[in-house]
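Quick note on labels: first sequence line is chain A, next is B, and so on, each numbered from 1.
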Number of protein chains: 6
Amino acid sequence: MLVPDNTLITPDPESGRELALKIARLTIKAIQPSDDMRAALRPGYAGNADSLTAAAHVVAIEFATIAAANNYWR
Amino acid sequence: MLVPDNTLITPDPESGRELALKIARLTIKAIQPSDDMRAALRPGYAGNADSLTAAAHVVAIEFATIAAANNYWR
Amino acid sequence: MLVPDNTLITPDPESGRELALKIARLTIKAIQPSDDMRAALRPGYAGNADSLTAAAHVVAIEFATIAAANNYWR
Amino acid sequence: MLVPDNTLITPDPESGRELALKIARLTIKAIQPSDDMRAALRPGYAGNADSLTAAAHVVAIEFATIAAANNYWR
Amino acid sequence: MLVPDNTLITPDPESGRELALKIARLTIKAIQPSDDMRAALRPGYAGNADSLTAAAHVVAIEFATIAAANNYWR
Amino acid sequence: MLVPDNTLITPDPESGRELALKIARLTIKAIQPSDDMRAALRPGYAGNADSLTAAAHVVAIEFATIAAANNYWR
């Protein structure tokens with residue numbers, strides 16, 4: 001599974017943001033399917049400011065797509 | 001919480017920019033929930049020009065989404 | 001082949017996401033056509049958090065294009 | 001202040017580009033408020049080609065938003 | 001020459017993707033016109049996963065523009 | 001000067017691409033105004049594949065804005 005519930009439509013921005021985080025994580029999982037490997041990588045990654053910024057960058061792009069899909073929840 | 005007040009709509013560009021900064025920070029917090037860890041990372045990050053540029057990059061992308069949501073406050 | 005089935009139109013977000021992954025991989029293959037070389041690069045890449053984030057970044061951009069092509073499957 | 005004059009609307013592309021540069025710099029200032037620290041970082045940053053490219057990247061994204069806000073000054 | 005045939009319009013997604021690759025390469029050539037230098041750089045670049053991902057990233061952005069120009073070949 | 005002729009409108013994609021290259025270079029010049037410094041940085045930068053890719057990335061983003069401004073020269 002790459003897109004939870006197979007939809008980009010969410011009730012509000014908060015849930016859209018949660019979806020952006022999930023989609024980004026599911027992509028990483030698709031590329032590196034080993035749960036053990038991903039768990040082993042997490043401490044180094046979560047303790048590095050530039051790694052966190054790079055992850056936030058990806059979430060920002062996923063969110064841009066989801067926000068457009070929902071007409072920005074106007 | 002990932003999106004303050006659960007909306008992308010703001011009264012003007014200045015508040016839209018503030019929201020972009022907040023959303024970017026809340027994403028970092030969602031990925032690294034430890035307040036201590038984030039505080040420990042801050043000096044190295046805030047004292048590195050490339051780290052600052054990378055952070056400004058993420059804010060620029062969040063702002064693009066928020067600006068579109070608000071029809072660019074025209 | 002760079003775009004499977006020569007279309008960006010997919011039935012739903014899940015298949016759109018799969019297409020984004022495929023297109024990203026086919027681009028890498030176009031730039032580095034050697035199967036052996038790509039296979040040799042994979043372990044180092046799949047075991048590095050920043051490399052995985054960079055790959056997810058590319059998938060996010062491909063997906064943005066595919067999602068727009070499909071009117072976000074609204 | 002994050003957005004000078006609190007508007008994305010400018011009379012022409014040149015002033016829109018100037019605004020993009022200002023907005024990018026104001027974001028850096030918001031993240032690193034110390035004038036001394038930013039001044040100390042500048043020589044290393046302005047003397048590194050990759051740092052300059054990364055900065056130009058951010059300006060390009062800010063400008064894309066400003067250009068859209070102004071209907072590309074058509 | 002920076003844009004082959006001086007158009008972004010292509011008959012289908014496959015040819016649009018080929019154009020994205022060509023445009024990205026022509027930009028590199030415009031910045032580094034020496035055929036010898038580009039040839040010398042290629043092995044190190046094509047044998048580095050992060051370099052390949054960065055190149056695929058650029059192609060993704062060029063393709064986004066070309067796809068929009070072609071109304072996504074709907 | 002940041003935008004030559006103070007317009008994003010160009011007669012065709014080729015000239016639009018040239019404008020994208022010029023705008024990117026003018027931004028670098030605005031951040032690092034010293035001709036000597038920029039000249040000194042050029043050899044290292046033009047002889048590094050990742051630096052070239054990063055520069056092509058910025059051009060791709062500038063071109064996306066210019067292409068949209070010109071309705072993709074359809």
For the student: nearest non-hydrogen atoms of Arg74(E) and Ile9(C), plus distance: CG-CD1, 4.1 Å
Between CZ on residue Arg25(E) and CD1 on residue Ile31(C), distance to nearest 0.5 Å: 6.5 Å
Contact origin within Ala20(C) toward chain E - heavy atom pairs under 4.5 Å: neither
Chain C contacts, top residue of Gly47(E), Ala67(E), Ser15(E) (heavy-atom pairs, under 4.5 Å): Gly47(E)
Closest-packed option against chain E by number of heavy-atom pairs under 4.5 Å, given Val58(C), Thr65(C), Asp5(C), Leu2(C): Leu2(C)
For the student: nearest non-hydrogen atoms of Leu21(E) and Ala30(C), plus distance: CD1-CB, 4.1 Å
Ala46(E) versus Leu41(C), closest heavy-atom pair with distance: O-CD1, 4.2 Å
Residue Ile23(C) versus chain E: region with a heavy atom under 4.5 Å: both
Flag side-chain contact, heavy atom, 4.5 Å: Val3(C) against Trp73(E): no
Under 4.5 Å from any heavy atom of chain C - which part of Ala55(E): both
side-chain hydrogen bond (donor to acceptor under 3.5 Å, both in side chains) contacts touching residues 42-60 of chain E (sequence neighbours left out): Ser51(C)-Asp50(E), Asn48(E)-Ser51(E), Ser51(E)-Asp50(F)
